[in-house]
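Worksheet for the structure shown next.
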Amino acid sequence: CTIFENKCSSLLIPRLLLLCHHASITDWVFLTRFCFLTDFGRLDFRFRYPKSRCCQNILLYFDDSSQWPAVYKRPEKNCYQKEAVLRPENNQVINLTTHYTWSGCVVRVLSCVGGRSFRSVRERWWYIALSKCGGDGLQLEYEMKLTNGQSFWTQHFSADEFGILETDITFLVIFSMVFLLSCYFAYNLKGRQLLHTTYKMFMTAAGVEVLSLLFHCVYWGLYARDGVGNGSLKILGKLLFSVSFLVFLLMLILLGKGFTVTRARISHSGSVKLSIYMTVYTITYVILFIYEAEFFDPGEVLYAYDSPAGYGLMGLQLVAYVWFCYAVLVSLKHYPEKQPFYVPFFTTYTLWFFAVPVMALIANFGIPRWAREKIVNGIQLGIHLYAHIVFLVITRPSAANKNFPYHVRTSQIGILLSSPKGGEGAESFPHHAYGNSSFLGDSQPNFTELFSIQSVSLYLILPCVKPRLKLPPVSSNKRALI
């Protein structure tokens with residue numbers, strides 16, 4: 001990478017292996033940051049620059065308020081003032097000259113090869129910068145390798161990323177089991193003609209979640225091996241994670257409005273509102289990705305939701321919850337017999353709707369920055385798992401499930417929509433307590449209801465034929481019997 005002037009913060013993504021050429025007219029510049037362990041942190045470097053550009057320094061700041069926050073994005077401070085906050089007794093300045101033994105520099109073209117170990121009372125962010133105060137700018141080539149120990153699970157990971165790979169692998173296994181179990185339930189539901197669109201949306205959300213975790217695991221696995229990884233895999237994993245979330249959110253709103261539970265279709269106005277809302281939500285997610293990629297400063301430890309787009313997503317989540325509450329209340333008003341499904345459905349997913357904004361606020365203001373990424377990753381996956389397992393439980397096709405939502409078979413929906421009632425009456429399902437009466441057991445269907453069609457009237461039309469024989473009059477009693 002080639003960086004000119006002072007654009008490191010926007011162009012240089014922090015990595016464990018950095019191979020760059022730097023030329024700028026400034027005398028102080030930020031390179032990268034890394035969270036080191038308390039005892040096993042290690043920086044290995046190789047700097048090379050012409051002797052005529054002597055003498056340049058490596059500056060090592062840590063995350064104390066008197067250090068990095070006191071110098072970064074402080075234009076009122078010059079290079080000397082930024083160097084002055086460093087503590088020489090902590091070996092925080094590496095002078096890249098032959099006069100400084102630990103720099104590892106040799107003469108002619110100054111090629112400096114060396115390293116530095118880090119020890120502190122806790123995991124701590126360290127920020128690496130270059131300086132040449134009072135000179136004519138910086139010009140050098142450099143390579144840096146930042147590590148934490150020698151273990152496969154820690155060596156190339158910043159301390160705030162510890163455990164992410166193991167967490168993702170664990171959740172990948174669990175979500176795969178959830179998805180396979182949903183496929184088994186779907187097979188049973190399909191045999192009973194109860195595999196509705198909303199359940200297919202749940203399966204889609206679970207399947208996409210599995211793919212997202214798979215890409216994340218591959219990315220972090222490659223990252224653990226070489227310290228670089230493949231950034232495209234991480235971006236793809238994030239995109240799939242967002243798609244899974246949006247599909248699940250849409251499914252919850254549709255179920256709240258009674259789709260496939262109390263009605264066969266959503267009204268035209270409701271469909272338009274849903275389309276607009278999901279479009280806005282998707283666009284906000286895209287803006288969040290762009291904002292994170294283009295405007296997040298690697299010189300600061302930031303969180304995705306700590307941005308205008310992130311706060312916008314939290315606001316949309318609360319709007320969705322208000323909509324969800326209204327939809328569930330209307331559905332219960334017209335179908336009170338559906339309480340065994342809607343009461344636990346509403347209660348459990350109220351917690352889910354508030355979990356995401358609360359998690360974002362806690363992450364922004366309550367979690368230490370040196371532990372934020374790994375904690376948030378685990379909490380976020382736990383919230384998604386909670387949502388999927390709850391839905392899997394309340395929709396399991398079992399006679400013992402008193403919360404089962406579906407009672408109209410998929411083969412009946414077309415007949416109901418073409419019912420002579422028309423209008424709204426054609427959209428609504430007939431009243432029914434709950435659908436678990438369709439199950440005699442976990443694997444035996446109720447054949448007595450297999451071909452039943454509710455609220456459909458049959459008419460027998462006989463041709464009018466003029467009788468040839470004149471029949472005697474029939475008494476009123478006999479006529480009644482006929």
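A quick note: this is a predicted structure, and the numbers were derived from the prediction, not measured.
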> Under the salt bridge (Lys or Arg N to Asp or Glu O under 4.0 Å) rule, what pairs show up with a residue in residues 227-255, not counting sequence neighbours?
Replying inline: Lys238-Glu292
>> Would you say the rings of Tyr349 and Phe324 are close, in the sense that their centroids are separated by under 6.0 Å?
In response: no
> With side chains defined as the heavy atoms from C-beta onward, is the minimum distance between Val322 and Leu318 less than 4.5 Å?
Replying inline: no
> Are Val93 and Leu60 close enough that some pair of their side-chain heavy atoms sits under 4.5 Å apart?
Replying inline: no
>> With heavy-atom distances below 4.5 Å as the criterion, would you say the side chains of Arg87 and Gln67 are in contact?
In response: yes
> Any sub-3.5 Å donor-acceptor pair from Asp168's side-chain atoms to Phe171's backbone N or O?
Replying inline: no
>> For Arg369 and Asp160: C-alpha separation, side-chain torsions, deciding distance, then whether side chain to side chain contact (heavy atoms under 4.5 Å, CB included) applies.
In response: CA-CA 8 Å; Arg369 294 186 175 185; Asp160 67 316; over 6 Å; no
>> Using only atom types and a distance under 3.5 Å, with no angle test, would you say the side chain of Asp64 pairs donor to acceptor with the backbone of Ser66?
In response: yes
> Any ion pair linking Asp27 and Lys82 (charged N to carboxylate O, less than 4.0 Å)?
Replying inline: no
> Just by distance, do the side chain of Asn148 and the backbone of Cys35 share a donor-acceptor pair under 3.5 Å?
Replying inline: yes
> Hey, does Asp63 have a side-chain heavy atom less than 4.5 Å from the side chain of Tyr127?
Replying inline: yes
> Looking only at heavy atoms, what is the nearest atom pair of Trp125 and Arg33, with distance?
Replying inline: CH2-NH1, 2.8 Å
> Do Phe391 and Trp352 have ring centres separated by under 6.0 Å?
Replying inline: no
>> Taking the six-membered ring for Trp, are Tyr342 and Phe346 closer than 6.0 Å centroid to centroid?
In response: no
>> Testing the basics here: between Lys257 and Thr262, what is the closest heavy-atom pair and its distance to 0.1 Å?
In response: O-OG1, 4.4 Å
> Would you call the rings of Trp220 and Tyr223 parallel, tilted or perpendicular, where under 30° means parallel and over 60° means perpendicular?
Replying inline: perpendicular
> Which word best sums up how the rings of Tyr285 and Phe245 line up, parallel for under 30°, tilted for 30 to 60°, or perpendicular for over 60°?
Replying inline: perpendicular
> What is the minimum heavy-atom distance between Val210 and Leu172, and which atoms define it?
Replying inline: O-CD1, 3.5 Å
> Which atoms form the tightest heavy-atom contact between Leu240 and Ser212, and what is the distance?
Replying inline: CB-CB, 3.7 Å
> Side chains of Glu209 and His384: is there a donor and an acceptor less than 3.5 Å apart?
Replying inline: yes
> side chain to side chain donor-acceptor pair (under 3.5 Å) between Thr198 and Tyr406: does it pass, once the steps are laid out?
Replying inline: CA-CA 10 Å; Thr198 47; Tyr406 308 119; 2.7 Å; yes
> If every non-hydrogen atom of Ser244 is compared with every non-hydrogen atom of Ala205, which pair is closest and at what distance?
Replying inline: OG-O, 2.8 Å
> What pair of heavy atoms forms the shortest contact from Ala224 to Phe157, and how long is it?
Replying inline: CB-CE1, 3.4 Å
> Less than 6.0 Å separating the ring centroids of Phe353 and Trp323?
Replying inline: no
> According to the salt bridge (Lys or Arg N to Asp or Glu O under 4.0 Å) rule, which pairs have a member within residues 313-325, sequence neighbours left out?
Replying inline: none
> Considering only heavy atoms from C-beta outward, does the side chain of Leu254 approach that of Met201 to under 4.5 Å?
Replying inline: yes
>> Taking Leu59's backbone N and O only, do any of them form a donor-acceptor pair with Asn57's side chain (distance below 3.5 Å, no angle check)?
In response: no
> Should Leu194 and Phe404 count as side-chain neighbours, where that means a heavy-atom distance under 4.5 Å?
Replying inline: yes
> With side chains defined as the heavy atoms from C-beta onward, is the minimum distance between Cys183 and Tyr187 less than 4.5 Å?
Replying inline: no
>> Are Phe175 and Phe179 an aromatic pair, judged by ring center distance below 6.0 Å?
In response: no
> Is the CZ atom of Arg42 crowded by more than 12 outside heavy atoms at less than 6.0 Å?
Replying inline: yes
> Can you find a pair of side-chain heavy atoms, one from Tyr142 and one from Leu31, that are under 4.5 Å apart?
Replying inline: yes
>> Would you say CZ of Phe152 has more than 12 non-hydrogen atoms from neighbouring residues, nucleotides or ligands within 6.0 angstrom?
In response: yes
